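Report on the structure given below.
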Amino acid sequence: MSDQPVRIFIVEDERRIARFLQIELEHEGFETATEDNGQRAFERIGQERFDLVLLDVMLPGIDGFEVCRKVREFSSVPIIMLTAKDELEDKVTGLDIGADDYITKPFAIQELMARIRAALRKHQAPETPEGERLTCKNLVLYPSRYEVTVNGEEIHLTKKEYSLLEYLLRNKRNVLTRDQILQEVWGYDYAGDTNVVDVYIRYLRAKIDERFGDKYIYTVRGVGYVIKD
């Protein structure tokens, strides 16, 4: 990151909790901003620079899950979900729609700080060179800009769709098995069905192959998928 202070956006409608988080985070040297409405929070994430978002699930306007889902259509900003619920289903929902982490209230502030530092480190991974481009025919992916174009037209992908496309492009002409894709894109501890890969390949094909009438992603029966010119 740059020399600017790390800016954390606290999206929480319980004023007491929001103020507590603000005091603790600023004590740790972070810069903060707060919002108590889901719709306004979503709009601000699109307009302002935040390095990490602490996002409560239960919010007026639109809930935290919907905020996260919509943000992931254009941004990879780290998101940690905050919730009073401790149900596995909610945790899975949050992670599936692109949250980086999930912490249940009440939580120890030290644990939250550790999770914030871990999420920031993950997103501070060595940056790809500004000029790097991954290409296949008229498709161009710019890793440093989180941007994809086909015939010069920008394509809007979710975080998972983007990660899947980037993995395919970095292995262009190499056939990747569903297990390889799951491990790389969803993480080794993903407990779902490998069918999720087929579903996301279908999403990508709808946004790229079908929309532009050109074939990019090929199925290799019994093996997996490959992207090739």
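Quick caveat, the model's predicted, so the values are computed rather than measured.
Taken from NZ in Lys70 to CZ in Phe42, the straight-line distance is 4.5 Å, to the nearest 0.5 Å. How far NZ of Lys160 is from CG of Leu204: 12.5 Å, rounded to the nearest 0.5 Å. Interatomic distance, Cys136 SG to Leu168 CG, rounded to the nearest 0.5 Å: 9.5 Å. The CG atom of Leu169 sits 4.0 Å away from atom CD1 of Ile227, with the distance rounded to the nearest 0.5 Å. Within the model, atoms NE2 of His27 and CE of Met113 stand 8.5 Å from one another, a figure rounded to the nearest 0.5 Å. Between the CD1 atom of Ile80 and the CD1 atom of Ile10 there is a distance of 11.5 Å, given to the nearest 0.5 Å.
No chain of hydrophobic side-chain contacts below 4.5 Å, direct or via other Ile, Leu, Val, Met, Phe, Trp or Tyr residues, connects Val223 to Val199. The hydrophobic cluster containing Ile23 does not contain Ile109, counting ILVMFWY residues as joined when their side-chain heavy atoms lie under 4.5 angstrom apart, directly or transitively. No path of Ile, Leu, Val, Met, Phe, Trp and Tyr side chains, each step under 4.5 Å between heavy atoms, connects Leu134 with Val226, placing them in separate hydrophobic clusters. Linking ILVMFWY residues whenever their side-chain heavy atoms come closer than 4.5 Å, directly or via other members, places Phe20 and Leu112 in the same cluster. In the hydrophobic cluster analysis, where Ile, Leu, Val, Met, Phe, Trp and Tyr join through side-chain heavy atoms closer than 4.5 angstrom, Phe9 is grouped together with Phe74.
With sequence neighbours excluded, the residues forming a side chain to side chain contact (heavy atoms under 4.5 Å, CB included) with Glu48 are Arg7, Arg44, Phe50, listed by chain and number.
A donor-acceptor pair under 3.5 Å is absent between the side-chain atoms of Asp63 and the main chain of Leu59, judged by distance alone. Judged purely by atom type and a 3.5 angstrom limit, Ser75 has no side-chain atom pairing as donor or acceptor with the backbone of Val71. Remark: the backbone N or O of Val77 is paired with a side-chain donor or acceptor of Arg72 at under 3.5 angstrom.
No side-chain donor from either of Arg133 and Thr149 sits under 3.5 Å from a side-chain acceptor of the other. Judged by distance alone, the side chains of Tyr225 and Asp198 do bring a donor and an acceptor atom under 3.5 Å apart. Gln39 and Glu43 share a donor-acceptor pair across their side chains, judged by distance under 3.5 Å alone.
Side-chain atoms of Arg117 and Glu28, non-hydrogen and from C-beta on, do get closer than 4.5 Å to each other. Side-chain contact between Val140 and Val148 is absent, with no heavy-atom pair separated by less than 4.5 Å. Contact of the Val150 side chain with the Ile208 side chain is registered, since non-hydrogen atoms from C-beta on lie closer than 4.5 Å. Looking only at side-chain heavy atoms (C-beta outward), Tyr203 and Leu164 stay at 4.5 Å or farther from each other. Two residues are said to be in side-chain contact when any heavy atoms from C-beta on lie closer than 4.5 Å; Asp56 and Val11 fail this criterion. In this structure, Val53 and Ile8 have side chains that are not in contact, with every pair of non-hydrogen atoms separated by 4.5 Å or more. Under the 4.5 Å side-chain criterion, counting only non-hydrogen atoms from C-beta, Val6 is not in contact with Glu31. Within the 4.5 Å cutoff, the side chain of Phe65 has heavy atoms near those of the Met81 side chain.
A salt bridge links Glu35 with Arg40: at least one charged nitrogen is closer than 4.0 Å to a carboxylate oxygen. Glu12 and Lys105 are joined by a salt bridge, as a carboxylate oxygen and a charged side-chain nitrogen come within less than 4.0 angstrom of each other. The residues Lys137 and Asp229 are annotated as not salt-bridged, no charged nitrogen and carboxylate oxygen being separated by less than 4.0 angstrom. Salt bridge absent: Asp209 and Lys207 never bring a charged side-chain N and a carboxylate O closer than 4.0 Å. Salt bridge present: Glu66 and Arg69 bring a charged side-chain N and a carboxylate O closer than 4.0 Å.
Nearest heavy atoms, Pro78 versus Asp100: CA-OD1, 3.3 Å. Across all their heavy atoms, Gly38 and Val67 have their closest contact at O-CG2, 3.5 Å. Across all non-hydrogen atoms, the minimal contact from Gly224 to Arg178 is CA-NH1, 4.2 Å. Between Met58 and Asp13, the shortest heavy-atom contact is O-OD1, 3.3 Å. A pairwise comparison of heavy atoms in Val175 and Gln180 identifies O-OE1, 3.9 Å as the closest pair. Pro5 and Arg49 make their closest contact through O-NH2, 3.4 Å (heavy atoms, listed as atom of the first residue, atom of the second, distance).
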Ile155 and Tyr162: side-chain contact (heavy atoms from CB on, under 4.5 Å), yes or no, with the steps?
CA-CA 10 Å; Ile155 308 301; Tyr162 179 90; over 6 Å; no
Requested in this report: Take Ile181 and Tyr200 through the test side-chain contact (heavy atoms from CB on, under 4.5 Å) and record every step on the way to the result.
Outcome: CA-CA 11 Å; Ile181 294 170; Tyr200 274 81; over 6 Å; no
Problem set entry | Criterion side-chain contact (heavy atoms from CB on, under 4.5 Å) on Leu52 and Phe30, from CA distance to verdict | CA-CA 10 Å; Leu52 184 137; Phe30 296 112; over 6 Å; no
- Task: Assess whether side-chain contact (heavy atoms from CB on, under 4.5 Å) is satisfied between Tyr216 and Arg205, documenting all intermediate values.
- Result: CA-CA 8 Å; Tyr216 291 89; Arg205 281 176 168 155; over 6 Å; no
| request: Could you walk me through whether Glu73 and Thr158 pass the side chain to side chain donor-acceptor pair (under 3.5 Å) test, one step at a time? | output: CA-CA 4 Å; Glu73 291 176 3; Thr158 65; over 6 Å; no
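Both cation-pi conditions hold for Lys228 and Tyr218: the charged atom is under 6.0 angstrom from the six-membered ring centre and inside a 45 degree cone around its axis.
Partner of Leu82 under the side-chain contact (heavy atoms from CB on, under 4.5 Å) criterion, chosen from Leu55, Asp101, Leu54: Leu54.
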